Amino acid sequence: MDYRTLKISDSDYKSIYGNEVYSFFMTDRSGGKDNSVLLYIDGIKEFDDILRPLKHANTDLYLSIEVMDKGLTFMLFGKDISQHISYFKDELESIVVYRDQEIDIPDVNRILNIMKTGMVGEGVAGSVIASAIGHAGSSLIKKFKQTQTKKSQGNIYELRFNTKSGEKHTIRICCEYEWGRQINKLFDELFSSNLSKDDPKERCFITTVCYEDPNSLQVQSFINFRDQNLNRFYLGNLFIRFYYKVSPKLSSFIYQKPFIKKTIKQVILDPIYYLIK
């Protein structure tokens, strides 16, 4: 029996896939409305049937990945529509990330003008999974609002499955630049995917040069401040994005100028460190 798209009760679902471990249901409110952080690209026929000829970014739908003890469930849902597809966890062969890619995202300004969905960025109950609809027809296109998109930079992820029936499926999803580091770490923690390894966004270039040790207490304090404070706000994300555009070249210049390095450390970084530690 193919359990991947079967409409089953919540108790039967748990008996097949186990209890929920983590829910990748993340929303970004920086534009004044909850928008899905994870965006579906392609690879799931049932989702493509719902969206065609649009892209996920052209809609007000949300993407969630429910990680269970023994499975993963991808959910595409909104106010009046929900569709899911499930895989066993041991069918996931690998996760590959392509960084700094051009992706389509919802145009927030456009959304604010034309959308009033009433959706709330809370968790997804098991009842939503149990009531997921079957294959979608063209009439379902009217059950979500269409929006404009714009281009942005971000990460594209390929989740590669080898099913128990011998079929190979590749599902592609994406997220914007500022969410990539967090998504990488979650995938690493849940699936040992090592996406964070050699990720330049893991580094703190200028502080590392000035304190001469990436594992120093000062460098780690700046990294923690970035992740726990700056990363939570829109302006903070803009600053992080700007920092990683200019800091690699700037840090190389500072490294070759001992006096400038010492001055930046004592006049700028040390006072900030005592404020944030």
Side-chain angles (χ1 to χ4, degrees), residues 3-4 13 16-28 36-48 56-57 62-76 84-105 123-124 129 152-205 214-215 220 223-224 226-228 231-232 237 240-241 244 248:
Y3 293 107
R4 291 189 301 122
Y13 176 86
I16 296 169
Y17 295 109
N19 294 317
E20 182 179 296
V21 176
Y22 190 85
S23 174
F24 279 87
F25 179 43
M26 306 168 68
T27 58
D28 181 2
S36 185
V37 166
L38 290 176
L39 294 169
Y40 168 75
I41 300 177
D42 55 34
I44 301 177
K45 180 183 182 300
E46 291 76 12
F47 291 4
D48 295 336
H56 179 202
Y62 296 86
L63 177 66
S64 171
I65 304 176
E66 309 296 317
V67 181
M68 317 300 288
D69 290 327
K70 296 181 289 184
L72 289 84
T73 294
F74 296 84
M75 295 184 62
L76 191 66
H84 83 283
I85 184 166
S86 300
Y87 291 87
F88 287 103
K89 192 180 290 186
D90 60 7
E91 294 178 323
L92 179 63
E93 285 191 324
S94 62
I95 303 175
V96 179
V97 59
Y98 300 93
R99 299 182 176 92
D100 300 319
Q101 301 294 302
E102 185 177 82
I103 62 173
D104 291 302
I105 64 169
V124 183
I129 297 174
S152 184
Q153 294 297 116
N155 288 357
I156 294 178
Y157 299 89
E158 288 187 354
L159 286 80
R160 299 172 180 175
F161 293 88
N162 187 2
T163 69
K164 297 184 184 300
S165 61
E167 298 176 347
K168 291 187 177 293
H169 297 168
T170 297
I171 299 171
R172 295 199 304 157
I173 61 176
C174 65
C175 71
E176 277 197 276
Y177 173 95
E178 54 261 34
W179 292 95
R181 186 171 180 274
Q182 185 174 347
I183 299 298
N184 290 349
K185 286 199 166 187
L186 287 171
F187 277 137
D188 288 350
E189 180 180 342
L190 294 166
F191 306 112
S192 302
S193 53
N194 292 323
L195 299 183
S196 298
K197 184 179 181 181
D198 298 325
D199 185 350
K201 307 303 185 296
E202 288 294 309
R203 306 170 193 162
C204 200
F205 293 96
N215 297 313
Q220 294 305 310
I223 290 175
N224 291 336
R226 176 196 65 191
D227 297 342
Q228 298 172 14
N231 202 43
R232 296 171 56 193
N237 280 318
I240 293 172
R241 184 175 299 188
Y244 280 108

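Computation of the quantities below employed the complete heavy-atom set of this structure, encompassing side-chain atoms and omitting hydrogens, waters and symmetry-equivalent molecules. All figures in this text were calculated on a predicted structure; none of them were measured in a lab.
By the side chain to side chain contact (heavy atoms under 4.5 Å, CB included) test, Glu189 pairs with no residue at all, sequence neighbours left out. Taking the side-chain hydrogen bond (donor to acceptor under 3.5 Å, both in side chains) definition, one finds that Lys164 meets it with Asp90, sequence neighbours left out. The salt bridge (Lys or Arg N to Asp or Glu O under 4.0 Å) check on Glu158 picks up Arg160, with sequence neighbours excluded. Considering only residues two or more places apart in sequence or on other chains, Asp42 meets the salt bridge (Lys or Arg N to Asp or Glu O under 4.0 Å) condition with Arg172. The side-chain hydrogen bond (donor to acceptor under 3.5 Å, both in side chains) search around Asn194 returns none, not counting sequence neighbours. Not counting sequence neighbours, the partners of Lys89 by the side chain to side chain contact (heavy atoms under 4.5 Å, CB included) test are Val67, Leu72, Phe191. Partners of Tyr157 under the ring pair (Phe, Tyr, Trp, His ring centres under 6.0 Å) rule, at least two apart in sequence or in another chain, are Phe187. Checked against ring pair (Phe, Tyr, Trp, His ring centres under 6.0 Å), Tyr98 has no partners two or more places apart in sequence or in another chain. The side chain to side chain contact (heavy atoms under 4.5 Å, CB included) search around Ser192 returns none, not counting sequence neighbours. Residues meeting the side chain to side chain contact (heavy atoms under 4.5 Å, CB included) test with Asn224, sequence neighbours left out: Gln228. The side-chain hydrogen bond (donor to acceptor under 3.5 Å, both in side chains) test applied to Glu93 returns Asn162, not counting sequence neighbours. Applying the salt bridge (Lys or Arg N to Asp or Glu O under 4.0 Å) rule to Asp227 yields the partners Arg181; only residues at least two apart in sequence or on another chain are considered.
Using cut-offs of 30° and 60° on the angle between ring planes, the pair Tyr17 and Tyr13 is tilted.
Within the 3.5 Å criterion, the main-chain N or O of Cys175 finds no donor-acceptor partner in the side chain of Asn155.
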